[in-house]
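The structure appears right after this line, and notes come after that.
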There are 2 protein chains.
Amino acid sequence: MPREIFQRFLIEKRLKLTKERIEVLNEVFSAHDHFGPEQLYLRLRNAGSKASRASVYRTLNLLVESGLVEKITRTDKGSVYEHTYGHTHHDHMVCSICNRIVEFYSEYLEQLQDEICKKHKFSGVSHSLEIKGYCETCRKQ
Amino acid sequence: MPREIFQRFLIEKRLKLTKERIEVLNEVFSAHDHFGPEQLYLRLRNAGSKASRASVYRTLNLLVESGLVEKITRTDKGSVYEHTYGHTHHDHMVCSICNRIVEFYSEYLEQLQDEICKKHKFSGVSHSLEIKGYCETCRKQ
DNA sequence: AGACTAGTTGATATTAAATCTCAATTTCAG
DNA sequence: CTGAAATTGAGATTTAATATCAACTAGTCT
């Protein structure tokens, strides 16, 4: 299904469905976690793909554009992505010690975005709430 | 007042209050807007300071550590900071076209953080909500 | 199917933000 | 004032991400 969406996206933009793009797409959707470009590149190599770093970066940008993948955050060690298709929207809590990411969802937050945007005459498209703090494990130390 | 807080912070950490650090501090608090390291560096030069880029970066990190300044976001063109002392907490809406930043505050959001953290046994320290979309001016085009 | 056109790839160069290096300098406690 | 310890600046370094471009495909048109 992500494959079809991506394909439609590519046709719309007059772009081509290449071997490399398919491999990146598959790899992105074969795991359900947060990943960086380099990490993805290594996984692809490991899986036998010969796609270059350049192609990984380029395809990742296309996947974000198509809405299948989201760039969650930028750290000092590069960007972090996750695929969104098949997952409902959610936000993140990040532990400042171990960098563990806890996902959460709040219906109220979604409504809040609408209200705030209306008040400021802003046309909200997406939001990301990141809560920084300490996870249960790290707090106990 | 920010000066005193910074000074106390430096003493606590056995660091020194140098000319360069004072100049950076003053420049950061002399304007009330969002800025990047390079921008700050140029303002300092313009104001007659001879502080180097390295010192600007180093001092900026100290100011964040001390709590006087916050790193709002990281864009593909570097980090964006704002000084927080003298300003109440707020979040940001960013226009995807003109990059204009609109500030807003929601008491409800503050409560929401507490509730969500309690539910997930997470010890929340801070949060940042960034709403992406289109500002009024850009939407009209 | 064959061929043409426009987009894609990969290796490498490039860019740019941020940090690191280290000799010379400055702060500040005693 | 003196000395130990921190800081500075200039430039080197690191590293994520993008740009370059000749060789190569995908997909369309006939």
Side-chain angles (χ1 to χ4, degrees), chain A residues 3-4 6-28 34-45 48-66 69-81 99, chain B residues 3 6-28 34-45 47-66 69-81 99:
Chain A
R3 162 80 178 258
E4 279 183 28
F6 193 44
Q7 202 156 0
R8 242 174 270 145
F9 169 81
L10 291 174
I11 290 170
E12 170 111 10
K13 294 214 116 192
R14 314 258 147 97
L15 302 178
K16 292 171 179 174
L17 185 67
T18 63
K19 179 161 55 66
E20 289 80 3
R21 287 180 179 162
I22 293 170
E23 288 170 350
V24 171
L25 178 79
N26 287 342
E27 192 57 45
V28 163
H34 307 101
F35 61 89
E38 181 66 18
Q39 197 179 349
L40 179 58
Y41 169 71
L42 293 174
R43 283 185 193 174
L44 280 160
R45 298 237 102 200
S49 166
K50 291 200 177 74
S52 67
R53 271 190 189 79
S55 284
V56 171
Y57 274 101
R58 288 186 285 229
T59 306
L60 222 29
N61 285 337
L62 289 175
L63 288 171
V64 170
E65 247 193 280
S66 76
V69 168
E70 238 175 65
K71 188 184 280 193
I72 304 174
T73 187
R74 288 163 195 263
T75 72
D76 44 353
K77 288 169 194 310
S79 301
V80 179
Y81 296 82
N99 284 313
Chain B
R3 162 81 177 257
F6 192 44
Q7 203 155 359
R8 242 174 270 145
F9 169 81
L10 291 174
I11 289 169
E12 170 109 10
K13 293 214 117 192
R14 313 256 150 103
L15 302 178
K16 292 171 180 174
L17 185 67
T18 62
K19 179 161 55 69
E20 289 80 3
R21 286 178 181 164
I22 294 171
E23 288 171 349
V24 171
L25 177 79
N26 287 342
E27 192 57 45
V28 164
H34 307 99
F35 59 90
E38 182 66 18
Q39 197 179 350
L40 179 57
Y41 169 71
L42 293 175
R43 283 185 193 174
L44 279 160
R45 298 236 102 200
S49 166
K50 292 201 177 73
S52 67
R53 269 189 190 77
S55 284
V56 171
Y57 273 100
R58 288 185 285 229
T59 306
L60 222 30
N61 284 338
L62 290 175
L63 288 171
V64 170
E65 248 194 279
S66 76
V69 168
E70 237 174 66
K71 189 185 280 194
I72 304 175
T73 187
R74 287 164 195 263
T75 72
D76 45 353
K77 289 168 192 311
S79 301
V80 179
Y81 296 82
N99 284 313

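The structure displayed is predicted, hence computed values, not measured ones. Each chain gets a letter, A, B and so on, in the order the sequences are listed, and its residues count up from 1.
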Quiz item: Between D/dA6, C/dT8, D/dG9, which one does the side chain of B/Ala51 approach most closely?
Solution: D/dG9
Practice problem: Give the nucleotide from the list D/dA17, C/dC28, C/dT8 with an atom nearest to the side chain of B/Lys16. | Solution: C/dC28
Quiz item: Nearest of D/dG9, D/dT18, C/dG10 to any side-chain atom of B/Ala54?
Solution: D/dG9
Quiz item: Once you round it to whole Å, what is the distance between P of D/dA6 and CD1 of B/Ile22?
Solution: 19 Å
Quiz prompt | Rounded distance in Å - CG (B/Asp76) to P (C/dA16) | solution = 12 Å
Quiz item: Taking CG from B/Leu40 and C1' from C/dA17, how many angstroms apart are they, rounded to a whole number?
Solution: 15 Å
Quiz item: Between C/dT8, D/dA16, C/dG10, which nucleotide has the shortest distance from any of its atoms to the side chain of A/Ser52?
Solution: C/dG10
Quiz prompt | Between C/dT26 (P) and B/Leu15 (CG): distance, integer Å | solution = 19 Å
Practice problem: Side chain of A/Arg21 only, please: which of D/dG9, C/dT8, C/dC28 is the nearest? | Solution: C/dT8
Quiz item: With a 4.0 Å cut-off, would you call A/Glu4 and A/Arg8 a salt bridge?
Solution: yes
Practice problem: Verify whether one side chain among B/Arg45 and B/Tyr41 offers a donor that lies under 3.5 Å from an acceptor in the other. | Solution: yes
Quiz item: Atom CZ of B/Arg53 to atom C1' of C/dA16: distance rounded to whole Å?
Solution: 11 Å
Quiz item: Hey, which of these two, B/Tyr57 or B/Thr18, hits DNA chain C nearer its 5' end, going by closest nucleotide?
Solution: B/Tyr57
Self-check item: Note: A/Lys13-A/Glu65 ion pair, threshold 4.0 Å (strictly below)
Solution: yes
Quiz item: Thinking salt bridges, do B/Glu38 and B/Arg53 make one under a 4.0 Å N-O criterion?
Solution: yes
Practice problem: Give B/Arg58 one of three labels, base, sugar-phosphate or nothing, depending on what nucleic acid heavy atoms sit under 4.0 Å from its own. | Solution: base
Quiz item: Which part of the nucleic acid does A/Lys19 contact within heavy-atom distance under 4.0 Å: base, sugar-phosphate only, or nothing?
Solution: nothing
Quiz item: Between B/Leu44 and B/Val24, is any pair of side-chain heavy atoms under 4.5 Å apart?
Solution: yes
Quiz item: Is any side-chain heavy atom of B/Glu20 less than 4.5 Å from a side-chain heavy atom of B/Val56?
Solution: no
Quiz item: Quick one: bend of the helix from C/dA1-D/dT30 to C/dG30-D/dC1 from 5 pairs per end, to 10°?
Solution: 40°
Exercise. With rounding to the nearest 0.5 Å, note down the distance linking CZ in A/Phe9 to CG in A/Leu15.
Key: 6.5 Å
